Structure formats: structure tokens, C-alpha cells
Amino acid sequence: MTDIKSTLTSITGIGANPAAQAKAQDHLVLEVNHVSGGYHTPGLFGRGKYQQVLYDVDFNIRHGEIMGLVGESGTGKSTLARMILGMVKPEEGSIVHHTKRPQIIFQDPYSSLNPAYTVEWSLEEPLRVFGKYDEAERKRRVRDMLAKVELPEECLYARPSELSGGQRQRVSIAAALIRRPRFIIADEPVSALDVTIQAQILQLLRDLREELDLSYLFISHDLNVVYQLCDRVLVMKEGRIVEQGTVDEVYDHPKEEYTKQLLAAAQ
Amino acid sequence: MKKRKWNGYLIAGAIITTIIVVWILVGRFYTPYPPTKMSSARLQGPSLAHLFGTDKFGRDIFSRVMQGSGTTLMIAALTILIGAGIGTIVGSITGYFGGIADEVLMRFNDALTAFPSILLALVIISILGSGKHNVIIALGIVFIPSYARMMRTAFAAQREVNYITSARLMGASSARILMVHMLPNTIHVLLPALTIGFNNAVLAEASMSFLGIGVTPPDVSMGYMLSEAQGMFRSAPWYALSVGGVIALLVFGVSLIGEGIQRMNKEVD
């Protein structure tokens with residue numbers, strides 16, 4: 001694993017951020033306390049069949065930290081994300097947010113923007129719904145955020161279908177951040193993008209963390225991407241967190257057999 | 001993605017429909033002869049003085065069709081407004097929320113669909129009585145189920161899409177999500193359906209009035225004139241032909257528009 005680590009660091013020039021780790025001890029943005037839960041398949045009468053997905057998931061995310069969540073597809077990573085966002089209720093345990101308005105960035109930049117509207121509309125809509133700003137202030141904030149995600153102003157008047165995948169993902173990030181949340185869930189945000197675009201978006205996410213004082217839960221099945229970006233990592237298998245720790249600990253000295261397999265597969 | 005481009009169907013349909021609709025609208029204010037004025041020039045064939053000829057009372061058929069089509073056009077437009085409007089509301093609620101409301105409304109919908117539409121209209125007319133306004137209500141109700149079913153699918157398809165999830169997360173109200181976030185994305189389904197529905201409404205009004213359960217005098221409509229023309233088909237065949245011709249042209253023009261929109265959507269996809 002050391003080979004990968006050193007190669008990646010030399011290629012990308014980015015590794016875990018020590019400053020953020022030191023600051024991270026300050027306070028928590030999210031507590032997930034022994035959460036179990038899943039889905040009820042809808043039935044005409046009653047709640048239908050119950051399918052448990054998560055088993056005793058327990059972790060915290062600290063201020064300024066990027067927490068990676070890795071595991072194969074179908075292990076419940078996205079269910080956990082939905083639960084943290086309040087879209088699915090946990091059966092047991094509790095989820096405590098210490099920040100307001102958590103937002104999500106989705107994997108598929110093609111379905112995360114409303115095709116019927118321009119980029120400007122999509123960015124302004126969260127502010128309109130919020131209802132605290134007048135139109136001039138909304139427009140100012142939209143342009144401000146567009147600059148932060150490094151898109152030219154022409155993009156404002158484009159529809160999503162006229163943008164590239166990378167541009168759409170930048171717009172999605174802007175839309176998620178426009179109301180200045182402090183905690184973001186990024187659900188495989190670069191998996192649908194080309195490798196060069198991936199690196200740009202990852203760099204953008206890092207820059208925005210510094211600039212806007214963000215914390216992330218970064219979901220991915222790509223261990224290399226997680227290594228580049230994250231401070232700590234959760235390894236999930238069949239709905240359970242089987243290992244967690246700093247990226248260096250987990251990647252250099254994996255304790256669990258499953259983590260070793262994942263790391264071996266990534267190499 | 002390609003830009004939406006007008007195609008031949010759309011252009012031809014728009015031209016035909018515009019000409020007829022303008023002609024009909026002019027008929028609201030001006031006709032060459034008063035449509036009900038009788039004269040001694042009975043049963044005359046088409047000529048420069050009477051473009052569509054005259055009927056057995058010496059009335060100018062051109063003027064009558066010009067005015068009568070207006071009634072049909074208005075009935076069809078209002079019918080579609082009611083049918084598509086209520087259908088969209090029902091479809092959006094059932095499609096987005098699902099659950100019990102969906103089950104109940106859609107079973108009710110199935111029950112309405114199970115009736116042949118003319119029979120259902122007949123039942124409603126026999127309760128309400130005939131006349132222009134009741135025809136609109138009856139046909140409007142008849143048209144609700146098909147729109148409800150179609151719009152339900154269009155809304156349900158967006159329910160779990162990411163941009164709707166985002167809208168929910170930002171705290172947008174359900175009404176806002178349905179009307180502002182989802183409705184514009186159903187337009188490509190709704191528009192062709194409106195054109196088809198409009199045509200069906202024109203034909204349904206014509207059949208009802210032809211059967212004598214539609215509009216009542218002094219209102220005249222296409223169907224009413226058709227049944228009138230049937231009585232003098234041998235002596236004045238140009239009457240039935242001109243009424244039928246205008247109906248056919250109107251329906252043809254609107255169909256072309258619908259086809260054009262569908263082809264345009266396909267190109268974009």
C-alpha cells in the first residue's frame with residue numbers, strides 16, 4: 001500500500017491535511033449514534049415488508065474534516081446518506097446534526113439539475129425558497145458562488161443540457177453550497193467523470209473546504225480517490241462499519257480482512 | 001443536445017390551424033351574411049356570392065359554418081382546459097405522493113375509464129340537461145381520466161430524481177415542487193396530448209350535437225350543422241361537405257402540430 005500512497009502523493013501533490021486534522025479536534029458537526037434501519041416496501045395496507053440495510057452504524061464527523069465512506073455498491077452507503085439527510089428514519093439509534101441545512105452532491109450530474117431551467121434559476125432557487133434575500137442580493141450571491149466553483153458567467157444562462165459533465169458537477173456543487181451549509185454529503189461526486197475532470201473537482205472540493213469552512217462525508221467506492229481527499233475513513237461492509245480510522249492508519253495497517261481485500265483490489 | 005428545431009409537420013400544422021382559427025375568430029364578429037338570415041336564394045351551389053352555397057332556407061352556409069365552428073372551437077378548448085387541468089392536478093398528486101390517495105383516485109379513475117366516453121357524456125347530459133355549458137362540463141369530465149393517468153406517470157417518473165430530492169432538501173413546499181420543479185418537465189408529454197385531446201373533443205362535440213344531445217338552438221355548432229345538413233344531403237350536398245371539410249381541416253392541422261411536437265422531442269432525445 002505504501003507504493004500507492006507515495007505514487008499518488010507524488011502525482012497529485014495532495015495528501016491528508018495536517019492543519020485540518022489539528023483543528024478537527026475542536027468540535028463535532030455530526031454524530032451518528034448506533035444507527036440501524038432500512039426500508040419498508042410500500043404496501044396497500046400497513047407498512048409492507050421491512051428490509052434492514054444498516055446495522056449499528058456509529059461514528060462522528062469533526063469540524064473541518066473530510067470523512068471517507070468506502071465499501072462495495074449495495075452495502076448501504078447511500079442509505080446512510082439518506083438517513084443523515086432525514087429522508088429515511090432510523091429504526092434504532094440517533095443522528096445529531098450540529099450544523100444547519102446539510103446538503104448533498106450527487107454522483108450523476110445529469111439528473112441533479114432540473115433540465116427545464118437555466119443554471120441561474122437552479123442556483124437562485126434555494127435562496128428563493130429560503131426567502132430571506134431580495135432579488136439583487138440573490139443575484140449577487142449566485143454570481144459569487146459561480147466564481148467560487150470557477151465557472152464563467154456565461155454558464156448562468158445555459159441549460160444543463162448545454163454543459164459538460166464537469167461543468168454540471170460544478171453547478172451542482174454551487175447549488176448545494178449556495179445557502180452556505182457547513183456540512184456536505186458528497187455521494188460519489190466524481191465517479192461519473194473523466195479522470196482529469198475528477199482531479200479538478202477533488203481540488204475544488206478541497207479549496208472550498210478551506211474557503212467556506214466545510215466538513216464532508218465523502219462517499220466513494222474508489223479507494224484511491226478517498227486516499228487523495230480524506231482525513232479519516234469508514235469502511236463499510238453489508239451495512240456495518242467494519243473499520244474506521246485516519247486514512248494513514250487504515251491504508252498502512254488495515255486491521256480487517258475485508259479492508260485488506262479492498263486495498264488489494266484497488267492496487 | 002441539439003436545439004429544438006421546427007420541422008415540416010409543425011410548420012404545416014401551424015399554418016393550417018392558424019388560418020382556420022383566425023377564420024373562425026373573425027366569424028365571432030363578422031360574417032358575409034347574417035348566419036340566420038333567410039333569403040329567396042335557396043339551395044344554391046357554391047358560387048362567388050355564396051362560397052359554400054345556401055341551404056333550403058336560403059341561408060349562407062359560409063357564414064353559418066364560420067359562426068358555428070366558433071362554438072365548437074370554444075367547447076373543445078374549454079373541455080380540454082377542464083380535462084387536462086383537473087387531470088394534471090389529480091395526476092400530479094397521485095404520482096408524487098403515491099400511497100392511499102394514489103390508490104383511491106386511480107381506482108376511481110379506472111371506474112370512469114371503464115365507461116365508453118360517449119355513454120358517460122350521455123349519462124352526465126341526462127342529469128344536467130343539454131346545452132352548450134353542460135356539454136363542456138360533460139366532455140370535460142370524460143376527458144379527466146386519460147390526462148390523470150398520463151400525468152401521474154410523468155410526475156411519478158421524476159419523484160426520485162436527484163433534482164427533486166435536492167428541492168425537498170432545500171425545503172421547497174410540495175406545491176412548489178409539483179408546479180415549479182416538476183410541471184415544466186412534463187410539457188413534452190402534455191403538449192402532444194393536448195392536441196390529440198382537442199381533436200377528440202371536436203369530434204365528441206360533433207357526435208353529441210349530431211345525436212341531438214349537444215348544443216341547443218340558438219347556438220349552432222359543427223355537429224348541429226352536420227345533423228341539419230344530413231336532412232338536405234340530396235338537395236344541398238355542399239352543406240355537409242363544407243361543414244365536414246372544415247372539421248377535417250381543423251383536426252388535421254392540430255394533428256400535424258401534435259405529430260410535429262412529438263418528432264421534435266424525439267430529435268432532442
Side-chain angles (χ1 to χ4, degrees), chain A residues 42-48 78 81-82 84-88 100-118 121-131 158-164 168-169 171-179 181 184-185 187-189 192, chain B residues 1-5 88 92 94-108 110 151-152 154-191 261 264-269:
Chain A
L44 177 48
F45 305 103
R47 300 176 77 183
S78 291
R82 292 166 71 89
I84 292 172
L85 292 170
M87 297 161 66
V88 183
K100 285 180 193 149
R101 303 185 296 273
Q103 285 292 331
I104 187 164
I105 301 165
F106 294 104
Q107 170 178 13
D108 177 15
Y110 291 87
S111 63
S112 52
L113 297 171
N114 196 322
Y117 291 100
T118 61
W121 188 93
S122 291
L123 293 183
E124 204 182 333
E125 177 67 2
L127 298 175
R128 260 192 303 267
V129 169
F130 189 48
R159 277 170 212 284
S161 55
E162 294 156 12
L163 301 177
S164 69
R168 288 184 207 207
Q169 200 58 297
V171 175
S172 308
I173 292 171
L177 294 177
I178 192 98
R179 266 162 66 177
I184 292 282
I185 296 178
D187 189 355
E188 308 250 11
Chain B
M1 188 185 89
K2 282 182 246 166
K3 280 270 181 197
R4 282 159 197 268
K5 260 199 288 192
T88 300
S92 64
T94 58
Y96 180 61
F97 293 106
I100 291 289
D102 185 29
E103 294 289 337
V104 172
L105 282 167
M106 289 329 274
R107 291 301 83 76
F108 183 70
D110 290 345
M151 294 309 277
R152 175 181 178 269
F155 275 89
Q158 293 182 69
R159 188 166 54 191
E160 299 297 327
V161 175
N162 288 341
Y163 58 81
I164 297 302
T165 306
S166 293
R168 266 199 295 269
L169 277 178
M170 71 172 85
S173 66
S174 296
R176 188 172 181 88
I177 289 175
L178 287 178
M179 292 301 129
V180 180
H181 291 252
M182 290 173 129
L183 186 61
N185 290 304
T186 62
I187 285 296
H188 65 283
V189 185
L190 188 57
L191 277 184
I261 294 173
M264 188 167 75
N265 287 336
K266 227 175 263 168
E267 258 176 49
V268 169
D269 293 341

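Here is the naming used below: chain letters follow the sequence lines, and residue numbers restart at 1 for every chain. Computed from a predicted model, the values in this text were never measured in an experiment.
Among B:Asp102, B:Ile164, B:Val180, the residue with the largest count of heavy-atom pairs under 4.5 Å with chain A is B:Val180. The greatest number of non-hydrogen atom pairs below 4.5 Å with chain B, out of A:Gln103, A:Arg101, A:Glu125, is found for A:Glu125.
With a 4.5 angstrom heavy-atom cutoff, A:Leu85 touches chain B via backbone and side-chain atoms both. Looking at A:Arg159, there are no atoms closer than 4.5 Å to chain B (heavy atoms on both sides), in backbone or side chain.
Side chain of A:Asn114 to main chain of B:Tyr163: no donor-acceptor pair is present (N/O by atom type, distance under 3.5 Å, no hydrogens or angles). Between the side chain of A:Tyr117 and the main chain of B:Pro184, no donor-acceptor pair closer than 3.5 Å is present.
Atom CG of residue B:Leu169 and atom CE of residue A:Met87 lie 6.0 Å apart, to the nearest 0.5 angstrom.
Across all non-hydrogen atoms, the minimal contact from A:Ser111 to B:Val161 is O-CG1, 3.5 Å. The two residues A:Val129 and B:Met170 have their closest heavy-atom pair at CG1-O, 3.6 Å. The shortest heavy-atom contact between B:Asn162 and A:Ser112 is CB-CA, 3.7 Å.
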